[in-house]
Amino acid sequence: MSRNAVIVVAFVVGLVALIVYSVLQVQKITCDVCITYKGEQACRTGVGANEKEAVRAATESACVVLARGGMDERINCGQTPPSSKTCK
């Protein structure tokens, strides 16, 4: 194998390793969130780089179940404060 080929392979392997490491490091916080919307409750788990992102992910997931009336319903549900929240 030529010297240039070795350099390219090493660069690609390093780049892939960096991407995998970055992806695994980003998702650090897990939050369990329950949303009560229009008398119904749904609980979901969200993962994110920080608590705010994890809560948002869990809230959006819960609102998919709770807000069946379309995008306006989903937006309103997403602005509802969680009835319970546990993060770790």
Side-chain angles (χ1 to χ4, degrees):
M1 205 185 303
S2 72
R3 183 172 185 245
N4 287 341
V6 171
I7 291 172
V8 169
V9 169
F11 177 76
V12 170
V13 169
L15 184 61
V16 169
L18 179 64
I19 290 170
V20 169
Y21 177 77
S22 296
V23 168
L24 294 176
Q25 290 299 312
V26 168
Q27 298 183 349
K28 289 185 176 182
I29 304 294
T30 302
C31 292
D32 297 315
V33 172
C34 292
I35 299 289
T36 302
Y37 182 71
K38 292 191 174 183
E40 295 184 53
Q41 186 178 58
C43 299
R44 296 290 184 268
T45 300
V47 179
N50 54 49
E51 184 175 324
K52 183 178 178 180
E53 289 180 14
V55 168
R56 182 185 47 78
T59 298
E60 287 176 0
S61 180
C63 287
V64 167
V65 175
L66 295 173
R68 297 179 197 98
M71 188 54 86
D72 290 340
E73 287 277 322
R74 218 176 267 173
I75 290 169
N76 289 334
C77 177
Q79 294 173 346
T80 304
S83 50
S84 70
K85 173 182 79 170
T86 305
C87 297
K88 39 186 161 163

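Quick note: numbers below take in every heavy atom, side chains included, and nothing from hydrogens, waters or symmetry partners.
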To the nearest 0.5 Å, what is the distance between CG on Leu66 and OG1 on Thr59?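 Here the interatomic distance stands at 10.5 Å.
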
I need the Glu53 CD to Cys31 SG distance, nearest 0.5 Å. 10.5 Å

Identify the heavy atoms of [X] and [Y] that sit nearest to each other, and give their distance.
{"X": "Cys63", "Y": "Gly78", "value": "SG-N, 3.4 Å"}
{"X": "Gly46", "Y": "Ala57", "value": "CA-CB, 4.1 Å"}
{"X": "Lys85", "Y": "Val55", "value": "CD-CG2, 3.4 Å"}

Applying side-chain contact (heavy atoms from CB on, under 4.5 Å), name anything that partners Arg68, two or more places apart in sequence or on another chain.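 Arg68 satisfies side-chain contact (heavy atoms from CB on, under 4.5 Å) with Glu40 only.
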
Any side-chain heavy atom of Arg44 within less than 4.5 Å of one from Val65? yes

Less than 3.5 Å apart, which donor and acceptor atoms pair up between the side chains of residues 32-39 and the rest of the protein, not counting sequence neighbours?
{"unit_1": "Asp32", "atom_1": "OD1", "unit_2": "Thr45", "atom_2": "OG1", "d": "2.6"}
{"unit_1": "Thr36", "atom_1": "OG1", "unit_2": "Gln41", "atom_2": "NE2", "d": "3.4"}
{"unit_1": "Thr36", "atom_1": "OG1", "unit_2": "Ser83", "atom_2": "OG", "d": "3.2"}
{"unit_1": "Tyr37", "atom_1": "OH", "unit_2": "Glu73", "atom_2": "OE1", "d": "3.2"}
{"unit_1": "Lys38", "atom_1": "NZ", "unit_2": "Glu73", "atom_2": "OE1", "d": "3.3"}
{"unit_1": "Lys38", "atom_1": "NZ", "unit_2": "Glu73", "atom_2": "OE2", "d": "2.8"}

Can you list the other members of the hydrophobic cluster that holds Met71, where links are side-chain heavy atoms under 4.5 angstrom apart?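 Direct or chained contacts put Met71 with Ile75.
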
